[in-house]
Participant: 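For reference, the structure I am asking about is given below.
Nothing here was measured: the structure is a model prediction, and the numbers come from that model.
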Amino acid sequence: MPLANGELAVLRPRDADALLDEHAFEEDEFMPYWAELWPSGVALARAIAPRALKGAPVLELGCGLGLPSIAAARAGGRVLAVDWSPAAIDLLATNAERNGVSVEAAVVSWDAPEPLLERAPFELVLAADVLYEHRNVPVLADLLPRLGGEVLLADPGRPPLEAFLERLGTVWTRPPVYRLR
């Protein structure tokens with residue numbers, strides 16, 4: 001994938017549907033969203049690539065395959081990438097190594113964000129395709145402003161986005177990447 005700061009290549013599972021786990025879905029409605037390379041993740045990586053982050057602390061929520069995290073690390077950021085899925089975190093480590101960057105990765109749930117809040121503030125917070133479900137709106141609307149200065153959220157316009165933007169109020173929209181301050 002061509003970006004302003006060079007080509008990035010990420011591995012992804014061959015068949016995301018094969019990762020569906022009925023038990024995990026019944027317990028927490030977990031879907032393997034992380035296993036796809038979504039257009040919003042690409043848009044966010046492209047928005048980050050030309051920046052000069054110069055050691056700035058960067059957090060990516062719901063990192064999935066990690067394309068925005070890898071772009072931020074390549075731009076000089078000290079990146080912490082988190083996802084609820086241990087499999088996503090394992091693959092992110094492989095993808096970061098393949099692209100010659102260092103990314104710290106951890107399994108963290110938005111419902112238990114204490115490990116993130118302890119490390120806040122982050123200079124830049126990234127999130128791509130995190131508003132799949134309405135249940136994420138209040139959690140993320142509460143969490144994102146507590147994590148740091150600038151938040152870049154990439155979303156293709158899914159139904160929960162409008163409710164999310166209404167809750168936050170101070171938003172400059174520039175689809176598909178929204179900048180929250």
Side-chain angles (χ1 to χ4, degrees), residues 1 3 8 10-22 24-49 58-72 79-89 91-92 95 105-113 116 122 124-181:
M1 159 153 330
L3 297 177
L8 292 182
V10 294
L11 297 174
R12 61 188 176 124
R14 230 176 255 254
D15 181 10
D17 290 338
L19 300 172
L20 290 172
D21 179 335
E22 289 181 32
F25 182 79
E26 286 177 15
E27 188 173 310
D28 293 314
E29 295 183 16
F30 281 136
M31 297 288 289
Y33 296 129
W34 67 267
E36 296 287 339
L37 184 58
W38 298 100
S40 292
V42 173
L44 188 53
R46 286 190 173 134
I48 295 304
V58 177
L59 170 66
E60 184 182 6
L61 290 175
C63 66
L65 300 174
L67 192 63
S69 290
I70 294 166
V79 179
L80 170 61
V82 300
D83 202 288
W84 65 266
S85 169
I89 295 304
L91 190 52
L92 169 62
N95 282 332
V107 175
V108 177
S109 170
W110 304 331
D111 293 334
L116 304 177
F122 295 90
L124 181 60
V125 179
L126 308 173
D129 274 317
V130 294
L131 293 168
Y132 288 97
E133 301 168 18
H134 285 282
R135 68 184 170 130
N136 292 335
V137 169
V139 175
L140 289 171
D142 175 63
L143 179 59
L144 285 171
R146 296 167 49 201
L147 292 174
E150 183 179 15
V151 177
L152 295 180
L153 171 78
D155 188 275
R158 288 193 176 85
L161 176 66
E162 188 174 328
F164 176 79
L165 295 175
E166 284 177 15
R167 274 183 174 249
L168 288 176
T170 56
V171 178
W172 299 329
T173 60
R174 208 176 257 202
V177 177
Y178 297 82
R179 184 175 178 207
L180 312 174
R181 283 192 160 299

Participant: Just jot down the salt bridge (charged side-chain N to carboxylate O under 4.0 Å, His left out) partners of Asp111, sequence neighbours excluded, or say none.
Facilitator: none
Participant: First locate atom CG of Leu59, then atom CG of Leu126, and finally report the distance between them rounded to the nearest 0.5 Å.
Facilitator: 7.5 Å
Participant: Could you give the distance from CG (Leu131) to CG (Asp155), rounded to the nearest 0.5 Å?
Facilitator: 5.5 Å
Participant: Is it true that a side-chain atom of Asn95 and a backbone atom of Val10 form a donor plus acceptor pair closer than 3.5 Å?
Facilitator: no
Participant: Give me the atom names and distance for the closest heavy-atom approach of Pro86 to Val107.
Facilitator: CA-CG2, 3.7 Å
Participant: If you define the side chain from C-beta out and look only at heavy atoms, does anything of Leu44 sit under 4.5 Å from Asp129?
Facilitator: no
Participant: Flag the pair Glu60 / Asp83 as yes when at least one side-chain heavy-atom distance between them is below 4.5 Å, and no otherwise.
Facilitator: no
Participant: Is any side-chain heavy atom of Leu147 closer than 4.5 Å to one of Leu61?
Facilitator: yes
Participant: Do the side chains of Trp110 and Val130 get nearer than 4.5 Å, heavy atoms only?
Facilitator: yes
Participant: Can you name the closest pair of heavy atoms from Gly41 and Leu67 and give their distance?
Facilitator: O-CD2, 4.2 Å
Participant: Can you see which heavy atom on Leu92 is nearest to which on Cys63, and at what distance?
Facilitator: CD2-SG, 3.8 Å
Participant: Please round to the nearest 0.5 Å and tell me the distance separating atom NE2 of His134 and atom CD of Glu162.
Facilitator: 9.5 Å
Participant: Report the C-alpha separation of Leu153 and Phe164 in whole Å, then their side-chain angles, then the decisive distance to 0.1 Å, and conclude whether the side chain to side chain contact (heavy atoms under 4.5 Å, CB included) test is met.
Facilitator: CA-CA 11 Å; Leu153 171 78; Phe164 176 79; 3.5 Å; yes
Participant: Quick one: salt bridge (charged side-chain N to carboxylate O under 4.0 Å, His left out) partners of Arg167, sequence neighbours excluded?
Facilitator: none
Participant: Considering all heavy atoms of both residues, which atom of Ile89 and which atom of Ala105 are nearest to each other, and what is their separation?
Facilitator: CG2-CB, 3.7 Å
Participant: Taking all non-hydrogen atoms of both residues, which atom of Ala72 and which atom of Ile48 are closest, and how far apart?
Facilitator: CA-CG2, 3.5 Å
Participant: Between Val108 and Leu80, is there a side-chain heavy-atom distance shorter than 4.5 Å?
Facilitator: no
